[in-house]
Amino acid sequence: MDEVLEMLDKTTKRLQNLLEEKKATINKQATAYAQTLQSPTTTQEQKIKIFIARNLELDRIDRLSSQLSLLYTLQIFAFKVKVMEVSLGNVSEQLTKSGVMQKSSELEDVKKNIDALKILVEAQYEAMKQIHEDQNKTLNYIY
């Protein structure tokens with residue numbers, strides 16, 4: 001689970017940096033686009049190309065923002081699973097040490113559910129990574 005949290009953190013930081021770079025680039029381009037659109041020598045075809053380019057960039061930012069939001073949610077979920085796992089381990093250890101109670105089947109069921117949640121988090125991360133790779137392959141012609 002620690003590996004998943006670390007990978008999510010690295011991916012989130014990388015995506016956050018990419019998003020900030022894209023935003024800065026679009027802000028610079030917005031000025032150039034506005035000047036070009038207001039120029040009396042700009043043809044209708046150039047205006048359409050600028051409009052399409054601007055919308056593509058805005059769509060990229062929107063997609064990156066959505067991915068970043070999903071990564072944050074996944075990080076929160078993974079962290080909560082980790083906390084639950086540690087807490088349950090501590091409770092189980094205390095119960096075993098105290099001798100008051102034997103491990104119950106309920107604790108084992110909860111452990112199994114936590115293991116299933118860990119698998120779910122890891123699978124979700126891999127799926128998001130695959131989607132990102134596929135999107136990069138699909139959009140390479142634009143760059």
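Any value given below was found using the heavy atoms of this structure, including those in side chains, with hydrogens, waters and symmetry copies removed.
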* Asked: Would Q29 and I26 satisfy side-chain contact (heavy atoms from CB on, under 4.5 Å), going step by step from the backbone distance to the final call?
  -> CA-CA 5 Å; Q29 288 176 344; I26 284 184; 4.3 Å; yes
* Examine distances only and state if a side-chain atom of S69 and a backbone atom of S65 form a donor-acceptor pair shorter than 3.5 Å. => no
* Which value, rounded to the nearest 0.5 Å, describes the distance between I76 atom CD1 and L71 atom CG? -> 11.0 Å
* Considering all heavy atoms of both residues, which atom of T41 and which atom of S39 are nearest to each other, and what is their separation? -> OG1-OG, 2.9 Å
* Structure fact -> The single option from L117, N113, V86 that satisfies side chain to side chain contact (heavy atoms under 4.5 Å, CB included) with V81 is L117
* Quick one: do K10 and E6 make a salt bridge, cutoff under 4.0 Å? -> yes
* Exercise: identify the closest heavy-atom pair between L8 and Y125 -> CD2-CD1, 3.3 Å
* **Residues E20 and Q16: side-chain donor-acceptor under 3.5 angstrom** => yes
* Co-membership, hydrophobic cluster, residues L19 and Y72, 4.5 Å side-chain -> yes
* To do: Using a 4.5 Å cut-off on heavy atoms from C-beta on, say whether the side chain of R63 contacts that of D59.
  => no
* Is there a path from L18 to I61 through hydrophobic residues (I, L, V, M, F, W, Y) whose side chains come within less than 4.5 Å of each other? -> yes
* Asked: If every non-hydrogen atom of M128 is compared with every non-hydrogen atom of Q67, which pair is closest and at what distance?
  -> CE-O, 4.0 Å
* Counting only heavy atoms not in F79, do more than 12 sit closer than 6.0 Å to its CZ atom? -> no
* Asked: Is there a path of hydrophobic side-chain contacts, each under 4.5 Å between heavy atoms of I, L, V, M, F, W or Y residues, that connects L68 with L5?
  -> no
* Asked: Are any side-chain N or O atoms of T25 and backbone N or O atoms of E21, one a donor and one an acceptor, separated by less than 3.5 Å?
  -> yes
* Structure fact -> CD of Q124 to CG of L74, rounded to nearest 0.5 Å, is 6.0 Å
* Structure fact -> Applying side chain to side chain contact (heavy atoms under 4.5 Å, CB included) to E45 and not counting sequence neighbours gives T43, K49
* Where K47 and T42 come nearest, the two heavy atoms and their spacing -> CG-CG2, 3.6 Å
* Are I48 and I52 close enough that some pair of their side-chain heavy atoms sits under 4.5 Å apart? -> yes
* Flag side-chain contact, heavy atom, 4.5 Å: E57 against K22 -> yes
* To do: Dump the intermediate steps for salt bridge (Lys or Arg N to Asp or Glu O under 4.0 Å) on D9 and K13, then the final yes or no.
  => CA-CA 6 Å; D9 187 50; K13 286 178 182 175; 3.2 Å; yes
